[in-house]
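Please read all numbers here as calculations on a predicted model, not as lab measurements.
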Amino acid sequence: MEKVKAKKHLGQHFLKDESVAKAIADTLKLEGYEDVLEIGPGMGVLTKYLLEKPINTYVIEIDTESVDYLDANYPKLRGKIISKDFLKYDVNEVFGGKQFAIIGNFPYNISTQIVFRTLELRHQIPEFAGMFQKEVAERICEKKGSKTYGILSVLAQAFYDAEYLFTVDEHVFIPPPKVKSGVLRLRRKQDFSLPCGEKLFFTVVKTAFQQRRKTLRNSLKTLNLSDSLREDEVFNLRPEQLSVEQFIALTQKIEADGF
């Protein structure tokens, strides 16, 4: 079967460098789960290295041309190719509540949505690794005090240990993207439950960063917090100055104030 042509509307940039593909596959520690789901496998350059590992490899691919190519070229994947949109798919049709890892050379146009979906499924996903646009990968792993530290950084690091692993140049893709790429790994924390309401935590973080240049006293105005609470000195800070732990503590204070 002929090679698949990359489709711009799907954000496809096919990896052609075998050494990079192997390095991404090798980021997985394969601990605490028996299954891995690769998102957007394309023509399977990463998939082939996953299939060599002692783990059950599944792939999910929205592009029917890629699905046909994988089916024709990777007999080990028979019955394990999911021709669906990951963002809309009920993964438990395959995994039935079991733990599984996620990996992929993610389409840049939906990469942040993939992270948010992973956070929704965090009780089932102990490990996550893959390639993003470099600045997105850096943002996810960034610590407080940086201009790129934001919603994605705080929410991902509340539940996972985030590690930026290596940078990938443009020329190893077909077609080459206009930016460099970065590979990261997320490993779920041993205790990934929060000592505060998770829904409120998400609300506080998202609301704070929507006006990131303002102090929390101003950016959290829409939550209608009490005047006494807003006198706390933490409200003099801007959101980028708070660590994940400080955001959790802030959420606890808001809860204790009767929110």
Side-chain angles (χ1 to χ4, degrees), residues 21 23-42 46-47 49-51 53-62 77 80-133 136-142 150-165 181-199 201-202 205-206 244 247-248:
I24 295 172
D26 288 344
T27 60
L28 292 177
K29 292 297 182 182
L30 309 180
E31 297 171 355
Y33 55 88
E34 298 176 350
D35 303 307
V36 62
L37 177 64
E38 182 189 353
I39 298 173
L46 171 59
T47 315
Y49 294 104
L50 295 173
L51 290 171
K53 296 184 178 296
I55 193 166
N56 299 316
T57 298
Y58 294 82
V59 299
I60 185 163
E61 175 61 70
I62 196 172
L77 279 180
K80 295 181 178 179
I81 303 173
I82 307 163
S83 183
K84 299 284 185 180
D85 179 350
F86 171 72
L87 298 176
K88 300 176 182 176
Y89 181 65
D90 179 2
V91 294
N92 286 319
E93 287 186 19
V94 169
F95 299 112
K98 290 196 302 179
Q99 301 287 294
F100 66 98
I102 282 180
I103 197 168
N105 169 26
F106 305 121
Y108 292 157
N109 57 351
I110 61 165
S111 62
T112 56
Q113 292 168 270
I114 289 171
V115 176
F116 282 121
R117 180 69 177 135
T118 296
L119 294 179
E120 291 174 8
L121 297 168
R122 60 188 176 273
H123 293 89
Q124 283 181 259
I125 302 174
E127 193 166 31
F128 173 105
M131 185 147 53
F132 293 79
Q133 184 174 329
V136 176
E138 289 175 334
R139 186 183 308 140
I140 293 168
C141 301
E142 193 60 85
I151 294 172
L152 209 54
S153 322
V154 176
L155 297 184
Q157 293 175 45
F159 306 103
Y160 290 87
D161 292 320
E163 187 179 2
Y164 186 94
L165 299 177
S181 301
V183 175
L184 63 76
R185 176 172 55 215
L186 302 179
R187 283 195 194 144
R188 194 175 61 197
K189 294 180 177 180
Q190 191 163 359
D191 179 7
F192 61 96
S193 60
L194 298 182
C196 62
E198 291 181 356
K199 186 176 180 181
F201 175 72
F202 274 66
V205 173
K206 289 180 177 180
V244 174
F247 267 110
I248 292 171

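Arg188 places a side-chain heavy atom less than 4.5 Å from the side chain of Gln99. Within the 4.5 Å cutoff, side-chain heavy atoms of Ile248 are placed close to those of Leu194. Glu138 places a side-chain heavy atom less than 4.5 Å from the side chain of Tyr164. Inter-residue side-chain proximity for Leu37 and Phe95 is flagged as met; some heavy-atom pair is nearer than 4.5 Å. Considering only heavy atoms from C-beta on, Ile55 stays 4.5 Å or farther from Leu50 through its side chain. Here the side chains of Leu30 and Pro54 are in contact, with some heavy-atom distance below 4.5 Å. Residues Ile151 and Phe116 are in side-chain contact: their nearest non-hydrogen atoms beyond the backbone lie under 4.5 Å apart. Using a 4.5 Å heavy-atom threshold, the side chains of Glu127 and Leu28 count as touching.
Of the N and O atoms on the side chains of Ser153 and Glu142, not one donor lies less than 3.5 Å from an acceptor on the other residue. When only modelled atom types and interatomic distance are considered, Asp191 and Ser193 share a side-chain donor-acceptor pair under 3.5 Å.
In this structure, CD1 in Ile103 is found 10.0 Å from CZ in Arg185, a value given to the nearest 0.5 Å. Atom CD1 of Ile60 is separated from atom CG of Asp85 by 7.0 Å, given to the nearest 0.5 angstrom. Interatomic distance, CG of Leu87 versus CD1 of Ile110, reported as 4.5 Å (0.5 Å rounding). The distance from atom CD of Gln124 to atom OG1 of Thr118, rounded to the nearest 0.5 Å, is 11.0 Å. Separating the CG atom in Asn56 from the CG atom in Asp35 is a distance of 4.5 Å, to the nearest 0.5 Å. Going from atom SG of Cys141 over to atom CG of Leu165 covers 7.5 Å, rounded to the nearest 0.5 Å.
Side-chain rings of Phe192 and Phe159 stay apart, their centers remaining 6.0 Å or farther from each other. Between Tyr58 and Phe100, the distance from one ring center to the other does not fall under 6.0 angstrom. Aromatic rings of Phe106 and Phe86 (six-membered ring for Trp) have centroids beyond the 6.0 Å cut-off, not under it.
Salt bridge annotation for Asp26-Lys53: present, with a cationic side-chain nitrogen under 4.0 angstrom from a carboxylate oxygen. Using a 4.0 Å cut-off between a side-chain N of Lys or Arg and a carboxylate O of Asp or Glu, Glu120 and Arg117 qualify as a salt bridge. Electrostatic pairing of Arg122 and Glu198 counts as a salt bridge here, judged by a charged N lying under 4.0 Å from a carboxylate O.
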Report task. Decide yes or no on side chain to side chain contact (heavy atoms under 4.5 Å, CB included) for Val205 and Leu155, but give the supporting numbers first. Result -> CA-CA 8 Å; Val205 173; Leu155 297 184; 4.1 Å; yes

Requested in this report: Verify side chain to side chain contact (heavy atoms under 4.5 Å, CB included) between Ile125 and Tyr33, making sure each step is shown before the conclusion.
Outcome: CA-CA 9 Å; Ile125 302 174; Tyr33 55 88; over 6 Å; no

